[in-house]
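Notes follow the structure.
One-based numbering along the sequence shown. FYI, side chains are in, hydrogens and waters are out, and symmetry mates aren't considered; it's all heavy atoms of this structure.
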Amino acid sequence: QVQLVESGGGLVQTGGSLRLSCAASGRTFSAYAMGWIRQAPGKEREFVAAMDWSGGLTYYADSVKGRFTMSRDNARSTVYLQMNRLRLEDTAVYYCASRRASRPKTADHEYDYWGQGTQVTVSS
């Protein structure tokens with residue numbers, strides 16, 4: 001069992017930056033792929049980024065590529081999402097997720113464990 005707790009969300013103006021963190025419990029964290037998925041009001045969940053167990057393979061959605069950077073620190077059982085040049089359309093609840101496998105996936109149904117989410121609001 002893995003428990004995930006996100007933090008770092010908040011209100012930011014367009015063009016600003018935020019860094020999300022996701023702290024995981026469980027001894028198998030370092031073996032699992034991790035992902036960030038977001039959900040805007042009235043919309044379906046949307047893949048943002050995913051990373052393999054080692055941090056050597058990362059996928060990004062086209063909408064965030066070049067602006068967001070995902071990283072992980074297995075010693076701290078934590079993954080991060082650095083978000084730069086934020087846009088209004090980045091407003092959403094951001095969820096951290098983990099899957100019981102080492103390779104990352106872009107489909108949210110591939111993930112087995114989810115955090116409670118953290119709100120990111122970008123204002124003009």
What's the separation between atom [atom1] in [X] and atom [atom2] in [Y], rounded to the nearest 0.5 Å?
| X | Y | atom1 | atom2 | value |
| --- | --- | --- | --- | --- |
| Ser77 | Phe29 | OG | CZ | 5.5 Å |
| Cys22 | Trp114 | SG | CH2 | 11.0 Å |
| Trp36 | Cys96 | CH2 | SG | 5.0 Å |
| Trp53 | Tyr32 | CH2 | OH | 14.5 Å |
| Thr106 | Ile37 | OG1 | CD1 | 9.5 Å |
| Asp73 | Ser21 | CG | OG | 10.5 Å |

*Could you verify whether a donor N or O on one side chain and an acceptor N or O on the other, from Gln119 and Thr121, lie under 3.5 Å apart?*
yes

*For the residue pair Arg72 and Asn74, confirm or rule out a side-chain donor-acceptor distance under 3.5 Å.*
yes

*How far apart are the C-alpha atoms of Phe68 and Val48, what are their side-chain angles, what is the distance that settles it, and do they pass the side chain to side chain contact (heavy atoms under 4.5 Å, CB included) test?*
CA-CA 9 Å; Phe68 290 12; Val48 176; 3.8 Å; yes

Treating Ile, Leu, Val, Met, Phe, Trp and Tyr as nodes and any side-chain heavy-atom pair under 4.5 angstrom as an edge, say whether [X] and [Y] lie in one connected cluster.
| X | Y | result |
| --- | --- | --- |
| Leu57 | Phe47 | yes |
| Val79 | Met51 | yes |
| Leu4 | Met70 | yes |
| Val93 | Tyr111 | yes |
| Met34 | Tyr80 | no |

Nearest atoms (heavy-atom pairs only) where [X] meets [Y]:
| X | Y | answer |
| --- | --- | --- |
| Thr118 | Gly9 | OG1-N, 3.2 Å |
| Ala24 | Val2 | CB-CG1, 4.3 Å |
| Ala92 | Ala40 | CB-N, 3.8 Å |
| Ala33 | Ser102 | CB-O, 3.6 Å |

*Go through Lys105 and Tyr59 one step at a time and tell me if the side chain to side chain contact (heavy atoms under 4.5 Å, CB included) criterion holds.*
CA-CA 8 Å; Lys105 295 289 185 181; Tyr59 299 142; over 6 Å; no

Sub-3.5 Å donor-acceptor pair from the side chain of [X] to the main-chain atoms of [Y], do we have one?
| X | Y | result |
| --- | --- | --- |
| Ser25 | Gln3 | yes |
| Glu6 | Gly117 | yes |
| Ser63 | Ala61 | no |

*asked:* Please identify which of these residues, Val120, Asp90, Val122, meets the side chain to side chain contact (heavy atoms under 4.5 Å, CB included) condition with Met83.
replied: Val120

_For Tyr94, all residues meeting side chain to side chain donor-acceptor pair (under 3.5 Å), sequence neighbours excluded_ = Arg38

*Can you list the residues that meet the salt bridge (Lys or Arg N to Asp or Glu O under 4.0 Å) rule with Asp52, with sequence neighbours excluded?*
none

*Report the residues that fulfil salt bridge (Lys or Arg N to Asp or Glu O under 4.0 Å) with Glu110, sequence neighbours left out, ordered by chain and then residue number.*
Arg99

*Would Ser123 and Leu11 count as a side chain to side chain contact (heavy atoms under 4.5 Å, CB included) if you check the C-alpha gap in whole Å, the side-chain angles of each, and the deciding distance to 0.1 Å?*
CA-CA 7 Å; Ser123 66; Leu11 175 65; 4.0 Å; yes

_Can you confirm whether Glu89 is buried at CD, in the sense that more than 12 heavy atoms of other residues, nucleotides or ligands lie under 6.0 Å from that atom?_
yes

*If you draw a 6.0 Å radius around CD in Gln82, do more than 12 non-hydrogen atoms from other residues or ligands fall strictly inside?*
yes

*side chain to side chain contact (heavy atoms under 4.5 Å, CB included) between Tyr95 and Gln116, worked out*: CA-CA 7 Å; Tyr95 297 93; Gln116 82 289 351; over 6 Å; no

*Answer yes or no: is there a side-chain heavy-atom contact under 4.5 Å between Ser17 and Val12?*
no

